[in-house]
Amino acid sequence: MELEPTIGLEVHCQLATRSKLFCRCPADFGGLPNSRTCPVCTAQPGTLPVLNQRALELALAAGHALRCTIRETIKFDRKNYFYPDLPKGYQISQFDQPLCEWGELEFEAEKGRSKVAKIRRIHLEEDAGKALHPDGLACSLVDLNRAGVPLIEIVGMPDLASPSEASAYLQALRRTLRFAGVSECDMEKGSLRCDANVSVRPKGQPELGTKVEVKNINSFRNVERALMFEIARQSEVVARGEKVVQETRSFRDSEGTTVSMRRKEDAHDYRYFPDPDLPLFDVGRARIDAARAALPEGFAARRRRYQGDWGLSEYDARVLTEEPAIAGFFDATVAAGLAPKAAANWIQGEVLAFLGETRGEFEQLRIAPAALHALVRMEEQGELSHQAAKKVLRRMLETGDSAAAAAQALDLVQIRDSGALAGTIDAVLAAEAKIVGDYKGGKETALNALLGRAMKATKGKGDPNLIKQLLLEKLGKPGG
Amino acid sequence: MDVREAEKIAGLARLSLDAAERSRFAGQLTAILGYFEKLREVPTEGVAPASHPADMRSPLRADDPAPFATPLELVARSHRPEGELYRVPRVLE
């Protein structure tokens with residue numbers, strides 16, 4: 001019996017707000033344990049939650065970027081469960097009236113084949129804290145810095161047919177959210193988390209098999225590893241004639257396996273009910289439309305524009321849309337006046353190479369788009385040779401200097417003053433009498449040798465075209 | 001509601017009930033659910049569901065962080081804190 005897997009992902013992503021979802025504690029990563037907590041997010045009696053407007057706007061941006069239908073009035077519900085990292089004993093989430101529903105994400109399922117996966121819903125909710133279980137201690141310890149941090153959960157339909165499709169979907173989702181400015185989506189920092197629902201069924205059978213939820217998938221690579229293991233495990237269970245048990249399993253990175261965590265709760269075990277502390281919210285048509293209008297251009301639209309309008313290759317368009325910061329810098333450089341192809345070459349060449357070597361982030365780049373344009377103009381106007389321009393850019397990237405200042409500091413500005421070059425040329429001609437003789441005897445290529453000597457004498461700074469012109473003036477035609 | 005359901009709900013609420021309590025609460029919860037059954041008889045066609053008793057709307061606040069001045073005092077007031085961390089009975093995943 002041939003089996004086929006069905007996969008759907010549930011992705012949590014931390015919204016790029018400065019404060020938490022329902023209180024004013026800072027929402028950034030790090031900090032001493034419990035230093036970013038207050039009476040609201042530690043569930044002191046008598047406190048009341050107040051929704052963060054920016055979180056709502058970012059969730060709307062996610063909804064638009066994923067082409068969802070958006071609800072004009074929303075409700076928050078309490079999802080009740082007991083775990084010490086959840087101070088209130090419930091999580092404020094959204095149950096039956098999520099902010100966004102029925103969207104879609106187009107992604108490249110494999111090279112050259114795109115696919116559209118349906119998004120079931122996107123809802124707003126708060127994060128839990130962190131429970132620590134130090135070895136040798138009879139107790140567990142709790143840090144509530146993350147408690148109350150704003151998240152959206154993006155629930156995908158089970159439209160994914162293989163581990164590699166799931167990985168491609170997640171990559172496209174991450175890039176979409178990053179370009180929309182919704183979230184950093186950094187899996188290492190936990191601002192993007194992924195759980196996978198996976199089942200297997202005989203090929204051609206319309207009903208889905210029993211689904212298992214796999215948690216703790218902590219990297220892109222592990223999405224595929226965890227799913228491959230889980231599909232093989234379920235296939236073996238079915239092959240033995242047994243039934244797959246509906247449960248939650250945890251991915252073990254070190255072994256590449258999944259282990260049973262608990263029987264899967266049903267929704268009614270969470271005893272969802274409307275949060276009495278949070279009356280309904282009117283999101284409102286105006287706010288929904290404003291979020292759509294404010295949505296930055298997505299990576300797919302940018303790729304089309306770079307290829308279609310600006311004539312870049314597919315490869316160039318892909319590299320430049322790898323990160324929103326790169327695309328933003330590229331667009332700004334073109335807006336500053338640099339031709340798209342030249343801007344693309346400089347960014348992909350020197351700039352990305354520099355960041356690769358220094359393990360830097362594009363966001364921390366020390367040069368402005370206008371500075372890159374100024375550098376290229378110096379080369380175009382003959383003030384810098386191409387090789388010199390590369391060295392100057394390197395210094396600009398390292399120090400944040402302007403193009404002119406970096407060229408001065410490196411002493412690489414081309415000498416384009418014929419008076420200044422005349423002495424050097426006279427000296428070269430005097431020293432290289434033999435080559436001069438060859439030239440005068442009719443050997444045309446001897447001129448290049450003299451040009452080389454003169455360039456060397458100027459330490460590469462002489463303008464080669466001008467030197468050549470001056471040499472010809474002094475020597476006349478070959479054989480002449 | 002039977003005693004087994006009462007026991008399950010008590011478990012979800014982390015309450016430990018003895019046999020007499022289970023039976024007593026099962027009876028009380030049955031009466032409460034019966035009252036809701038009765039409410040269900042009211043014709044509600046065309047009436048929007050009311051998730052909250054008052055027809056009011058929630059406010060929003062600006063995304064403007066303001067750290068709480070004494071967060072560690074909250075920890076200090078908890079039961080047997082461990083430094084800057086809350087201490088809880090050992091839980092393992």
Side-chain angles (χ1 to χ4, degrees), chain A residues 17-20 23-28 32-42 44 49-57 73 75-77 80-85 87 89 97 129 131-133 137-144 216 250 261 269-271 273-274 276 278-282, chain B residues 1-2 4-17 25 29 32-33 36 39 44 47-93:
Chain A
T17 60
R18 299 169 61 219
S19 60
K20 291 186 179 180
C23 64
R24 291 177 72 188
C25 290
D28 42 344
L32 282 173
N34 290 308
S35 61
R36 288 159 191 180
T37 61
C38 74
V40 176
C41 58
T42 58
Q44 307 299 323
V50 186
L51 183 63
N52 181 337
Q53 177 177 333
R54 184 71 188 141
L56 178 60
E57 288 164 358
T73 300
K75 169 170 80 73
F76 284 95
D77 301 277
N80 299 277
Y81 64 92
F82 286 100
Y83 201 73
D85 63 9
Q97 293 173 30
L132 311 160
H133 317 285
L137 265 188
C139 58
S140 293
L141 303 172
V142 179
D143 173 8
L144 295 178
N216 291 333
S250 176
M261 282 171 81
D269 284 345
Y270 287 120
R271 293 156 293 141
F273 65 89
L278 289 162
L280 300 179
F281 282 87
D282 282 328
Chain B
M1 175 179 300
D2 60 22
R4 272 194 33 208
E5 276 179 295
E7 189 174 0
K8 183 180 177 196
I9 292 166
L12 290 170
R14 296 293 187 275
L15 294 172
S16 126
L17 305 180
F25 287 126
L29 287 167
I32 292 168
L33 290 174
F36 280 93
L39 282 178
T44 55
V47 180
S51 57
H52 293 82
D55 184 23
M56 57 187 285
R57 293 294 186 263
S58 286
L60 291 168
R61 87 182 147 76
D63 180 29
D64 181 16
F68 180 60
T70 53
L72 294 183
E73 204 169 289
L74 297 171
V75 181
R77 287 172 185 214
S78 68
H79 180 65
R80 293 178 63 212
E82 174 80 26
E84 68 275 35
L85 291 155
Y86 293 95
R87 183 201 301 260
V88 295
R90 180 120 182 141
V91 279
L92 277 176
E93 294 186 331

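In what follows, chains carry the letters A, B, and so on, assigned in the order in which the sequence lines appear, proteins first and then strands, with residues in each chain numbered from 1.
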Open item on the list: Using a strict threshold of under 4.0 Å (side-chain N to carboxylate O), is an ion pair present between A/R271 and A/D269?
Closed with: no
Task: Interface moiety of B/P67 toward chain A, non-hydrogen atoms closer than 4.5 Å - done: both
TODO: Heavy atoms only, distances under 4.5 angstrom: which of A/A55, A/P33, A/C38, A/S35 has the most pairs with chain B? Name it, please.
DONE: A/P33
Task: Part of B/V75 within contact of chain A (heavy atom distance under 4.5 Å) - done: side chain
Task: Contact origin within A/Q44 toward chain B - heavy atom pairs under 4.5 Å - done: side chain
Open item on the list: Does any backbone or side-chain atom of A/P276 lie under 4.5 Å from a heavy atom of chain B? Answer side chain, backbone, both or neither.
Closed with: backbone
Task: Side chain proximity check, A/N52 to A/K20, heavy atoms < 4.5 angstrom - done: no
TODO: Mind checking salt bridge (charged side-chain N to carboxylate O under 4.0 Å, His left out) for B/R80 and listing every partner two or more places apart, or none if nothing turns up?
DONE: none
TODO: May I ask you to name which of B/V88, B/D63, B/L60 has the most heavy-atom pairs under 4.5 Å with chain A?
DONE: B/D63
- [ ] Name all residues meeting the salt bridge (charged side-chain N to carboxylate O under 4.0 Å, His left out) criterion together with B/D55; count only those two or more places apart in sequence or in a different chain, and write none if there are none.
- [x] B/R57
Task: Residue among A/P84, A/S250, A/A27 with most heavy-atom pairs under 4.5 Å to chain B - done: A/P84
TODO: Just give me the residue among A/G89, A/G129, A/P39 that pairs up with chain B most often, heavy atom to heavy atom, under 4.5 Å.
DONE: A/P39
Task: Flag side-chain contact, heavy atom, 4.5 Å: A/R36 against A/D28 - done: yes
Open item on the list: Could you tell me if the side chain of A/V142 sits less than 4.5 Å from the side chain of A/L132, heavy atoms only?
Closed with: no
Open item on the list: I need the residue from A/L56, A/L51, A/N80 with the largest number of non-hydrogen atom pairs under 4.5 Å to chain B.
Closed with: A/L51
TODO: Report the C-alpha separation of B/Y86 and A/T42 in whole Å, then their side-chain angles, then the decisive distance to 0.1 Å, and conclude whether the side-chain contact (heavy atoms from CB on, under 4.5 Å) test is met.
DONE: CA-CA 11 Å; B/Y86 293 95; A/T42 58; 3.7 Å; yes
Open item on the list: Counting heavy-atom pairs under 4.5 Å with chain B, which one of A/Q53, A/Q97, A/K75, A/E57 comes out on top?
Closed with: A/Q53
